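The shown structure was predicted, so the numbers you read here are calculated from the model rather than taken from an experiment. Counting from 1, the numbers follow the sequence of the chain as shown.
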Amino acid sequence: AAAKIGEPAPDFTLVDLNGAEHTLSEYTAKGSIVVLEWFNPTCPFVKKHYRDDTMTMVNLEKQYAEQDIVWLRINSAHEGNSTSDLSMNKKAASDWNITTPILRDLEGTVGRAYGAKRTPEMYVINGAGTLVYHGAIDNVSNASSPGDVNYVDAALTDTLAGKPCETS
């Protein structure tokens with residue numbers, strides 16, 4: 001069964017590109033909001049949010065830099081898949097100015113626990129560990145340009161205000 005809105009987010013521990021472990025429950029135990037982004041450095045839909053002319057995700061992180069929000073990108077490509085390659089992901093992080101962890105889910109366990117089926121696929125978990133948003137980054141379903149409604153931004157705004165997400 002995949003993670004459901006309004007229920008506790010499945011806990012996990014994954015290793016980032018530098019070998020450090022990250023455990024979801026350690027962040028939420030401190031009351032941090034956690035943003036999960038299913039990530040693939042070759043996906044055109046991911047790329048549209050990291051291009052020099054958009055930088056949607058990096059700019060969104062900067063917008064909330066003063067808040068207690070943890071940003072984690074998860075790559076669930078299996079071992080041996082070119083998109084799980086450590087050097088490819090490190091290069092994407094460098095090229096796109098990603099300074100927060102990219103986690104490798106080589107067995108796909110976490111992806112299955114969350115029901116993640118595409119990239120980017122977004123999840124917002126409140127400080128109590130409850131899943132409050134699951135869906136797209138924005139309201140445009142093509143890879144050419146970002147939309148005019150950023151659902152992740154709206155979910156973070158609502159969560160920080162202590163309100164339920166208008167669009168969950």
Within 6.0 Å of [atom1] in [X], more than 12 heavy atoms from elsewhere:
X	atom1	value
E21	CD	no
Q63	CD	yes
N142	CG	yes

Spacing of [atom1] belonging to [X] relative to [atom2] belonging to [Y], to within rounding of 0.5 Å:
X	Y	atom1	atom2	answer
D11	E26	CG	CD	8.5 Å
L86	K91	CG	NZ	14.0 Å
H134	T167	NE2	OG1	14.0 Å
R104	D85	CZ	CG	7.5 Å
L160	Q67	CG	CD	5.0 Å
R73	E37	CZ	CD	5.0 Å

Identify the two heavy atoms, one from [X] and one from [Y], that lie closest to each other, and give their separation to 0.1 Å.
X	Y	answer
K48	A143	CB-O, 3.4 Å
H49	I137	CD2-CD1, 3.5 Å
S168	V132	CB-O, 3.5 Å
G127	I33	N-CG1, 4.2 Å
A155	V124	CB-CG2, 4.1 Å
P41	K47	O-CE, 3.4 Å

Do [X] and [Y] sit in one hydrophobic cluster, given that two such residues count as connected whenever their side-chain heavy atoms are within less than 4.5 Å of each other, even indirectly?
X	Y	answer
V46	L103	no
V152	Y50	yes
I69	M57	yes
I125	L72	yes
I102	V70	no

Donor-acceptor under 3.5 Å ([X] side chain, [Y] main chain):
X	Y	answer
T28	A128	no
R51	W96	no
N40	T83	no

Given the side-chain rings of Y133 and Y123, with only the six-membered ring counted for Trp, is the space between their centroids under 6.0 Å? no
Ignoring hydrogens and geometry beyond distance, is a side-chain donor-acceptor pair present between [X] and [Y] at under 3.5 Å?
X	Y	result
S76	Y114	no
N89	N75	yes
Y27	H22	yes
E61	T100	yes
T159	N126	no

E121 and R118 ion-paired at < 4.0 Å: yes
Check each of L60, V34, L36, T99 against W71 using the side chain to side chain contact (heavy atoms under 4.5 Å, CB included) test, and report the only one that passes. L60
